[in-house]
There are 2 protein chains.
Amino acid sequence: MALSHAIMTALLDEELSGYDLTRRFETSLGFFWESSHQQIYRELRQLSERGWLQATPVVQDGRPDKILYALTEDGRKALAEWVQGPTNLKRAKDDLFVKLYNIGHCDPAPVLAEIRRRQEQHAARLALYEKIRQRHYAVPEQLSAHRKGIYLALAAGIRHERMYLDWCDEALTLLKDVASAEP
Amino acid sequence: MALSHAIMTALLDEELSGYDLTRRFETSLGFFWESSHQQIYRELRQLSERGWLQATPVVQDGRPDKILYALTEDGRKALAEWVQGPTNLKRAKDDLFVKLYNIGHCDPAPVLAEIRRRQEQHAARLALYEKIRQRHYAVPEQLSAHRKGIYLALAAGIRHERMYLDWCDEALTLLKDVASAEP
DNA sequence: CTTTGATACGCAACTTATTGCATATCTAAG
DNA sequence: CTTAGATATGCAATAAGTTGCGTATCAAAG
């Protein structure tokens with residue numbers, strides 16, 4: 001159960017609607033945690049039923065009505081307990097690595113192409129993260145505790161993208177003659 | 001559907017039982033793809049029903065009987081198609097990053113402790129991967145295409161562990177006064 | 001006055017993954 | 001002789017995630 005905690009984390013200091021949360025999960029928090037709007041809405045309903053969120057319908061003018069969700073005291077307590085509890089480390093589960101095991105049995109060209117695509121994607125992400133860092137987290141030592149936490153998540157993202165790009169270089173160099181040579 | 005492809009990949013050049021596969025998923029392939037034996041057995045049954053695997057019961061002497069699974073021609077074709085197809089990139093979904101967002105709202109001590117635990121886990125993994133590299137992949141340029149692929153998965157693992165360890169250092173340094181200061 | 005697009009919400013069906021439990025056989029150690 | 005441990009397989013229940021579809025409202029552009 002982790003999406004629920006990610007949602008509650010997003011609600012730590014603001015009330016948000018399902019739609020707002022969907023936006024959040026496309027940026028910031030979403031850099032580390034993806035989710036579809038369908039699942040977010042379902043999770044929100046379940047969390048309200050469990051008493052961890054307070055739902056407030058808001059009638060709007062000029063746009064469709066919405067439901068704002070706020071973290072309750074119970075929710076805050078449950079979240080704190082989860083943060084305090086143990087975290088189990090999970091493997092990445094990247095399909096590309098499984099595909100790499102198939103080189104030598106399949107045509108390697110599509111795998112090579114995929115690595116090049118990754119190179120672009122990760123370069124784009126890195127650029128985005130770097131920009132955010134420069135704008136909002138230029139001097140990490142001077143940030144509040146809360147923002148240090150967020151900065152560190154961003155820093156992990158930056159390190160990850162750099163690492164991945166370096167790996168792509170290594171992979172493309174090592175495989176450059178494989179592409180044409182073997183079937 | 002990716003576990004099924006990981007299983008088929010493991011069966012590329014040997015017949016294995018569910019038990020054997022469970023072992024494989026605790027080492028080698030398992031460094032990048034975790035799975036429980038229950039799920040593996042279920043997947044094996046489904047893949048046999050779909051005709052992608054051929055199941056052969058083997059009566060054993062001295063130990064319990066088993067079922068050996070081999071990749072069929074159809075299975076090989078399906079796997080090749082999957083390798084050729086697009087790969088969608090997935091976010092890591094590490095709970096620890098969500099927890100980082102909670103620093104400043106919760107007691108940060110347990111998060112710090114978790115980062116130290118990660119440091120140990122990743123150091124251990126790195127040592128293991130390095131050992132495997134030294135033993136079997138010392139000169140990557142001279143490997144066959146197939147083993148180059150496996151080596152690159154290992155290389156990604158090594159880079160990942162190193163990157164994570166560096167990040168842990170950064171995090172612990174940045175948070176070292178937060179631990180005592182804020183509630 | 002119609003289309004496009006953003007906002008706002010959700011159901012249903014399906015697949016995938018996790019957790020807990022259960023059952024055997026045989027070896028080797030004590 | 002009994003117990004621990006490796007080998008070998010599985011069911012059932014639950015949780016989590018994905019995919020496809022459906023319903024609205026309203027603004028602004030054409």
Side-chain angles (χ1 to χ4, degrees), chain A residues 1-8 15-27 30 32-50 52-53 55-69 82 86-95 98, chain B residues 1-8 15-27 30 32-50 52-53 55-69 82 86-95 98:
Chain A
M1 240 174 357
L3 173 59
S4 55
H5 296 105
I7 288 174
M8 289 194 282
E15 288 186 38
L16 297 169
S17 69
Y19 191 80
D20 296 333
L21 279 162
T22 305
R23 298 296 109 187
R24 289 288 189 291
F25 277 90
E26 277 165 10
T27 55
F32 312 102
W33 207 277
E34 272 181 329
S35 198
S36 63
H37 69 103
Q38 291 93 333
Q39 216 191 327
I40 290 169
Y41 285 118
R42 199 194 319 162
E43 212 58 55
L44 285 170
R45 213 179 327 113
Q46 285 171 11
L47 287 170
S48 307
E49 280 164 17
R50 218 182 300 176
W52 290 356
L53 296 185
T56 318
V58 174
V59 179
Q60 289 196 114
D61 203 76
R63 35 179 75 175
D65 297 350
K66 64 179 175 180
I67 303 168
L68 277 181
Y69 292 91
W82 175 77
T87 316
N88 51 333
L89 178 58
K90 298 203 174 176
R91 308 264 139 259
K93 289 205 178 180
D94 188 335
D95 286 4
V98 179
Chain B
M1 239 174 0
L3 173 59
S4 55
H5 295 106
I7 288 174
M8 289 194 281
E15 289 186 39
L16 297 169
S17 67
Y19 190 81
D20 296 332
L21 279 162
T22 304
R23 300 295 108 187
R24 288 290 187 291
F25 276 89
E26 278 165 10
T27 55
F32 313 101
W33 207 277
E34 273 181 329
S35 199
S36 61
H37 68 104
Q38 291 94 332
Q39 218 192 324
I40 290 169
Y41 285 116
R42 196 181 335 150
E43 216 48 63
L44 285 170
R45 214 179 326 114
Q46 285 170 11
L47 287 170
S48 307
E49 280 163 19
R50 217 182 301 175
W52 289 357
L53 296 184
T56 317
V58 175
V59 179
Q60 289 196 114
D61 203 77
R63 38 179 73 178
D65 296 350
K66 65 180 176 180
I67 303 167
L68 276 181
Y69 292 91
W82 175 77
T87 316
N88 51 334
L89 179 58
K90 298 206 176 178
R91 309 263 140 258
K93 291 207 180 178
D94 188 334
D95 286 4
V98 179

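Computed from a predicted structure; not experimentally measured. Every chain is numbered from 1 and lettered A, B, ... according to where its sequence line falls, protein lines coming before strand lines.
Counting to the nearest Å, the P atom of D:dG17 and the NZ atom of B:Lys93 are 5 Å from each other. In this structure, B:Leu3 places its CG atom 19 Å from P of D:dA16, rounding to the nearest Å. Rounded to an integer number of Å, the gap from A:Glu26 CD to C:dT7 C1' is 12 Å. Remark: P of C:dT16 and CZ of B:Phe25 are 14 Å apart, rounded to the nearest angstrom. Rounding to whole angstrom units, CG of residue B:Asp20 and P of D:dA8 are separated by 7 Å. Counting to the nearest Å, the C1' atom of D:dT18 and the CH2 atom of A:Trp33 are 16 Å from each other. A straight line from CD1 of A:Ile40 to C1' of D:dA16 spans 14 Å, rounded to a whole angstrom. Put simply, CG on A:Leu16 is 11 Å from P on C:dC9, counting in whole angstrom units.
Of the side-chain N and O atoms in B:Ser36, none sit less than 4.0 angstrom from OP1 or OP2 of C:dT19. Between A:Ser17 and the phosphate of C:dC9, there is a side-chain N or O to OP1/OP2 separation shorter than 4.0 Å.
End-to-end axis angle for the helix from C:dC1-D:dG30 to C:dG30-D:dC1, using five pairs per end and rounding to 10°, comes out at 20°.
Minimum atom distance to the side chain of B:Tyr19 is reached by D:dT7, of the listed C:dT7, D:dT7, C:dT16. For A:Arg23, the side-chain atoms get nearest to C:dT7 when compared with the rest of D:dA8, C:dT18, C:dT7.
Residues A:Asn88 and B:Glu43 each lie close to DNA chain C; by heavy-atom proximity, the contact nearer the 5' end of the strand is made by B:Glu43. Summary of the strand contacts: A:Ala2 and B:Thr22 both lie near DNA chain D, and taking for each the nucleotide with the nearest heavy atom, the more 5' one is attributed to B:Thr22. Nearest-nucleotide positions on DNA chain D for B:Lys90 and B:Leu68 put B:Leu68 closer to the 5' end.
Applying the side chain to side chain donor-acceptor pair (under 3.5 Å) test to B:Thr87 and every residue at least two apart in sequence or in another chain returns A:Lys99. Every salt bridge (charged side-chain N to carboxylate O under 4.0 Å, His left out) that A:Asp94 has, sequence neighbours left out, goes to A:Arg118. In terms of the side-chain contact (heavy atoms from CB on, under 4.5 Å) criterion, residue partners of A:Leu3 (sequence neighbours excluded) are, by chain and number, A:Ile7, A:Phe25, A:Trp33, A:Ser35, A:Gln39, A:Glu43. Remark: A:Arg23 pairs with A:Glu26 by the salt bridge (charged side-chain N to carboxylate O under 4.0 Å, His left out) rule, at least two apart or across chains. With sequence neighbours excluded, the residues forming a side-chain contact (heavy atoms from CB on, under 4.5 Å) with A:His37 are A:Thr22, A:Tyr41, listed by chain and number. Looking at residues two or more places apart in sequence or on another chain, you find a side chain to side chain donor-acceptor pair (under 3.5 Å) between A:Ser17 and A:Asp20. With sequence neighbours left out, A:Phe32 forms a side-chain contact (heavy atoms from CB on, under 4.5 Å) with A:Ala153, B:Phe97, B:Tyr101. With sequence neighbours excluded, the residues satisfying side-chain contact (heavy atoms from CB on, under 4.5 Å) with A:Val58 are A:Gln60, A:Lys66, A:Leu68.
By the 30° and 60° cut-offs, the orientation of the rings of B:His5 relative to B:Trp52 is tilted.
For B:Gly18 against B:Ile40, the heavy-atom pair with the smallest separation is O-CG2, 4.2 Å. Between A:Val98 and B:Ala6, the shortest heavy-atom distance links the atoms CG1-CA, 3.8 Å.
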Pick out the pairs of N or O atoms, protein on one side and nucleotides 10-13 of chain D on the other, that lie under 3.5 Å.
| residue | atom | partner | partner atom | Å |
| --- | --- | --- | --- | --- |
| D:dG10 | O6 | B:Gln38 | NE2 | 3.4 |
| D:dC11 | OP2 | B:Arg45 | NH2 | 2.6 |

Below 3.5 Å between N/O atoms, which protein atoms pair up with nucleotides 24-26 of chain D? Just atom names and distances, please.
| residue | atom | partner | partner atom | Å |
| --- | --- | --- | --- | --- |
| D:dC26 | O3' | A:Gly62 | O | 3.2 |

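Atom-to-atom distance recorded for B:Arg45:CZ and B:Glu49:CD is 7.0 Å, nearest 0.5 angstrom.
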